[in-house]
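What follows is a short report on a single structure.
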Amino acid sequence: MRNSARKLAAVASCIVVTVGGLTTGAVTANAAPQERSIPKAAAPPCVSHEYAKPSETHGYPASFPGGTWLRLSRGCDEIWLKPNTNRYVKVCIGYRDNVRCPSSYTYAYANTWNKLASDVTAGVQYKFNFQGSGASSGLYHG
């Protein structure tokens, strides 16, 4: 009788462990991507700013490549974007006739800080170029 009770207890504990493993696996598999935050080392003296790109345009700020440009803060060497919706975007660096843009767009996740450029020279001018012409808003940092 004791052997039967021990076998039953062993089987029951295996079932609990297996079910627990499945439950944990299911939660992990369906979990949303974790938000990436800006490293504390990149935060000061860099400042986050709000942006609002109107529809029917691809560039922020203003039209691309002309118009107004953003300037990288002194002490910053990275450019980050946190859009309110998922967007394909690239950051172009330079000014008017001397502009460098990546050949492909980066998929920027909504409500998540996305690093678009690193090792950027302080004081350089830059502009965001969105693949779609729909309105976009959120935060940028740099």
Side-chain angles (χ1 to χ4, degrees), residues 3-142:
N3 284 340
S4 296
R6 284 186 186 161
K7 287 180 185 177
L8 183 58
V11 169
S13 67
C14 286
I15 291 171
V16 170
V17 169
T18 303
V19 171
L22 290 175
T23 302
T24 302
V27 170
T28 304
N30 294 328
Q34 291 184 350
E35 180 175 340
R36 292 181 292 183
S37 60
I38 298 172
K40 291 187 190 267
C46 303
V47 179
S48 297
H49 303 277
E50 290 185 12
Y51 79 91
K53 181 188 82 63
S55 61
E56 306 304 320
T57 63
H58 290 274
Y60 179 83
S63 62
F64 184 83
T68 306
W69 286 70
L70 304 171
R71 186 174 299 277
L72 191 65
S73 301
R74 182 174 296 207
C76 296
D77 66 350
E78 297 176 338
I79 300 171
W80 296 73
L81 186 72
K82 184 178 183 179
N84 291 331
T85 57
N86 295 335
R87 305 296 303 209
Y88 282 98
V89 63
K90 56 185 166 181
V91 63
C92 298
I93 298 170
Y95 188 70
R96 301 205 187 266
D97 296 333
N98 187 16
V99 178
R100 292 178 291 123
C101 296
S103 58
S104 60
Y105 289 89
T106 297
Y107 188 78
Y109 292 94
N111 303 312
T112 301
W113 284 107
N114 300 270
K115 187 190 313 187
L116 299 180
S118 57
D119 297 323
V120 182
T121 304
V124 75
Q125 293 182 320
Y126 65 98
K127 188 176 282 215
F128 296 105
N129 185 274
F130 294 85
Q131 187 176 35
S133 63
S136 179
S137 62
L139 297 170
Y140 68 91
H141 185 86

Derivation of the side-chain contact (heavy atoms from CB on, under 4.5 Å) call for Leu81 and Tyr60: CA-CA 12 Å; Leu81 186 72; Tyr60 179 83; over 6 Å; no

Smallest separation among heavy atoms of [X] and [Y], with atom names:
| X | Y | result |
| --- | --- | --- |
| Ala110 | Asn86 | N-OD1, 2.7 Å |
| Val124 | Gly94 | CG2-N, 4.4 Å |
| Thr121 | Leu72 | O-CD2, 3.5 Å |
| Ala122 | Ser73 | CB-O, 4.0 Å |

Between Lys90 and Pro102, is there a donor-acceptor pair closer than 3.5 Å when you use the side chain of the first and the backbone of the second?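 The answer is yes, because a donor-acceptor pair under 3.5 Å joins these two groups.
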
side-chain hydrogen bond (donor to acceptor under 3.5 Å, both in side chains) assessment of His141 paired with Ser48: CA-CA 4 Å; His141 185 86; Ser48 297; 2.9 Å; yes

What is the distance from atom [atom1] of [X] to atom [atom2] of [Y], rounded to the nearest 0.5 Å?
| X | Y | atom1 | atom2 | value |
| --- | --- | --- | --- | --- |
| Lys82 | Asn111 | NZ | CG | 6.5 Å |
| Ser137 | Arg87 | OG | CZ | 9.0 Å |
| Leu70 | Cys92 | CG | SG | 11.5 Å |
| Ile93 | Gln125 | CD1 | CD | 11.5 Å |
| Glu78 | Ser118 | CD | OG | 6.0 Å |

For a quick check under 3.5 Å, do Asn129 and Tyr105 share a side-chain donor-acceptor pair by atom type?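 Yes, a side-chain donor-acceptor pair sits under 3.5 Å.
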
Is the shortest side-chain heavy-atom distance between [X] and [Y] below 4.5 Å?
| X | Y | answer |
| --- | --- | --- |
| Pro83 | Phe128 | no |
| Asn114 | Thr106 | no |
| Val99 | Trp69 | yes |

Applying side-chain contact (heavy atoms from CB on, under 4.5 Å) to Tyr140 and Ile79, what does each step give before you reach the verdict? CA-CA 7 Å; Tyr140 68 91; Ile79 300 171; 5.9 Å; no

Just do the side-chain contact (heavy atoms from CB on, under 4.5 Å) check on Tyr88 and Ser104 with the steps written out, would you? CA-CA 9 Å; Tyr88 282 98; Ser104 60; over 6 Å; no

Is the Lys NZ or Arg CZ of Lys53 less than 6.0 Å from the centre of Phe130's six-membered ring, within 45° of the axis?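 So Lys53 does make the cation-pi contact.
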
